[in-house]
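Reviewing the structure listed below.
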Amino acid sequence: MLSRQALRSLRAAAPQRTLSRSAVRSYAAAAPQEVKPPIAVYGLDGTYATALYTAAVKSSSLDPTARAISALGDLYTKDAKLATVLATPTLTEADKSAILVELQKSIGAVGSNETVKNFLATLAENNRLALLKDVCGKFGELISASRGEIEMVVTSAQPLDNRTLSRLETAVSKSQYVGQGKKLKVTNSVKPEILGGLVVEIGDRTIDLSVSSKIAKMNKLLTDTL
């Protein structure tokens, strides 16, 4: 999507947009003190994600903002070069304007959200476009928490079918790991290196039932014994 050659073309074609510092300050100030995020997220990416969340609540655009941020996060899986381009330290103002235009174009109609436009402009002005992926992740955590969702990531060596995921969701929903009134948000991560079995992550808990983990434990036992 954003190779260097494409970036030069976009830079030439993109409208010249000035990212004023006053606009950045007004965006940061838009989030009122009375808006309290459902959870605390840390780091610089967490700071931006929290500011975006509170600004979206203030502007009554939380759901469309969530859709737009989710779409931006998905771009990283579609374009392997995106992270490299956004992390380029020598981006000019024209480069940044071209990137913003392309990002908004790539996510379609949800990119017209003013809260998201201001957010992207803030990242560009502060030379923090490289944080976009991590901010999307932290914002997703905030959204899940606001909806009473608990994320469960099931890692397997091969993709799991919907029936298997549904059975896991049903079993875990009835366990002590999920509080009353909470909803599970299940995703399947594929990592062939675990060889087989499953690694289940629920919130801050991890249940490692992978073959690679069992082999590692067996190797340690043999090493300690010999």
Side-chain angles (χ1 to χ4, degrees), residues 36-54 56 62 65-80 82-84 86-87 128 130-226:
K36 184 177 180 180
I39 58 171
V41 287
Y42 301 99
L44 187 55
D45 51 350
T47 299
Y48 277 102
T50 301
L52 176 60
Y53 178 88
T54 50
L62 190 58
T65 297
R67 289 193 293 270
I69 295 301
S70 177
L72 285 169
D74 289 343
L75 291 180
Y76 283 89
T77 60
K78 299 175 183 177
D79 184 358
L82 179 58
T84 301
L86 295 186
R128 298 297 185 183
L131 288 177
L132 179 58
K133 182 178 182 180
D134 292 335
V135 174
C136 289
K138 292 290 177 68
F139 186 79
E141 292 178 22
L142 288 167
I143 290 296
S144 291
S146 72
R147 294 172 177 170
E149 296 174 344
I150 296 178
E151 184 174 15
M152 180 173 80
V153 180
V154 181
T155 302
S156 55
Q158 297 179 344
L160 299 176
D161 58 46
N162 290 334
R163 182 181 179 184
T164 300
L165 288 174
S166 179
R167 290 174 61 186
L168 285 169
E169 180 179 1
T170 299
V172 175
S173 294
K174 299 176 181 178
S175 73
Q176 61 181 345
Y177 297 108
V178 181
Q180 187 175 4
K182 298 292 184 179
K183 298 178 292 184
L184 273 181
K185 180 182 178 183
V186 183
T187 57
N188 181 203
S189 174
V190 178
K191 293 184 179 179
E193 58 267 29
I194 73 170
L195 303 178
L198 300 172
V199 178
V200 180
E201 298 172 84
I202 311 169
D204 58 356
R205 300 178 177 89
T206 300
I207 305 171
D208 192 344
L209 304 174
S210 65
V211 172
S212 60
S213 174
K214 293 178 180 178
I215 292 176
K217 292 177 180 177
M218 185 180 297
N219 285 341
K220 185 178 186 306
L221 177 63
L222 289 171
T223 300
D224 292 344
T225 302
L226 296 177

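- When all heavy atoms of P38 and S146 are compared, the pair lying nearest together is CG-N, 3.7 Å.
- Side-chain atoms of P37 and T54, non-hydrogen and from C-beta on, do get closer than 4.5 Å to each other.
- Between L184 and S173, the shortest heavy-atom distance links the atoms CD1-OG, 3.5 Å.
- Checking side-chain atoms of T47 against main-chain N and O of G43 turns up a donor-acceptor pair under 3.5 Å.
- Surrounding CG of D161 are more than 12 heavy atoms belonging to other residues, nucleotides or ligands, all under 6.0 Å away.
- Checked against side-chain contact (heavy atoms from CB on, under 4.5 Å), A66 has the following partners two or more places apart in sequence or in another chain: F139, I143, R147.
- Side chain of Y76 to backbone of K133: a donor-acceptor contact under 3.5 angstrom is found.
- Sequence neighbours left out, the pairs with a member in residues 187-201 that pass side-chain hydrogen bond (donor to acceptor under 3.5 Å, both in side chains) are S156-N188.
- The distance from the OG1 atom of T164 to the CD atom of E169 is 12.5 Å, given to the nearest 0.5 Å.
- Looking only at side-chain heavy atoms (C-beta outward), L168 and V186 stay at 4.5 Å or farther from each other.
- Considering all non-hydrogen atoms of both residues, L209 and K214 come closest at O-CE, 4.1 Å.
- Shown here for T65 and A56, the closest heavy-atom pair between the two residues is OG1-CB, 3.8 Å.
- Residues L82 and L132 form no side-chain contact, since every pair of their non-hydrogen atoms from C-beta on lies 4.5 Å or further apart.
- Shown here for L142 and I39, the closest heavy-atom pair between the two residues is CD2-O, 3.4 Å.
- Note that CD1 of I207 is 12.5 Å distant from OG of S213, once rounded to the nearest 0.5 Å.
- To the nearest 0.5 Å, atom CZ of residue R205 and atom CD1 of residue I150 are 8.0 Å apart.
- Between the S144 side chain and the E141 main chain, no donor and acceptor come within less than 3.5 Å of each other.
- By the side-chain contact (heavy atoms from CB on, under 4.5 Å) test, A157 is found to be paired with I194, residues two or more places apart in sequence or in another chain being considered.
- Between the CD1 atom in I69 and the CG atom in D74 there is a gap of 11.5 Å [rounded to 0.5 Å].
- When every heavy atom of Y42 is checked against every heavy atom of K138, the shortest pair comes out as O-NZ, 2.6 Å.
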